[in-house]
Amino acid sequence: MRRVNKQELLRLHPELADEVLDVFNLEVFIYLDLVIFSIFLGLLLHPLIQSFLWSIFIPLFFLIFFFIVFQIIKRKFPDS
């Protein structure tokens with residue numbers, strides 16, 4: 001495995017840092033996190049909640065609620 005000096009690489013190619021930051025700022029990662037957290041919440045609640053429908057609806061409500069919150073924040077602070 002070849003060692004790469006990160007400081008040297010960024011000094012020679014500063015546009016790489018901008019591209020990496022642009023990729024990390026994509027909204028798709030936020031949506032993916034919401035879906036993964038909703039699935040994880042559903043798995044955590046499944047043994048505690050006896051009703052199958054509630055174990056589906058609570059994570060679904062979680063997903064919808066935080067999706068709406070994210071949309072509100074995105075509209076309120078468009079530059080972030």
**Item:** same_hphob_cluster(Leu43, Phe62) at 4.5 Å side-chain heavy-atom cutoff
**Value:** yes
One should read off an interatomic distance between Phe61 CZ and Ile64 CD1, to the nearest 0.5 angstrom, of 7.0 Å
Scanning both residues in full, the closest heavy-atom pair of Leu63 with Ser38 reads CB-OG, 3.3 Å
d(Leu60 CG, Leu41 CG) to nearest 0.5 Å is 11.0 Å
Rounded to the nearest 0.5 angstrom, the CD-CD distance for Gln71 and Glu27 is 7.0 Å
### Message
When you group the ILVMFWY residues by side-chain heavy-atom contacts below 4.5 Å and let the links chain together, are Leu32 and Phe37 in the same group?
### Response
no
Check for me, please, whether Val35 and Phe40 land in the same ILVMFWY cluster - side-chain distances under 4.5 Å, paths through other members count. no
In this structure, CD1 of Ile49 is separated from CD1 of Ile56 (nearest 0.5 Å) by 10.0 Å
Is the Phe70 to Tyr31 ring centre distance short of 6.0 Å?
yes
Heavy-atom nearest pair, Leu34 first then Phe66, reads CD2-CB, 3.4 Å
CD1 of Ile39 to CG of Leu44, rounded to nearest 0.5 Å, is 12.0 Å
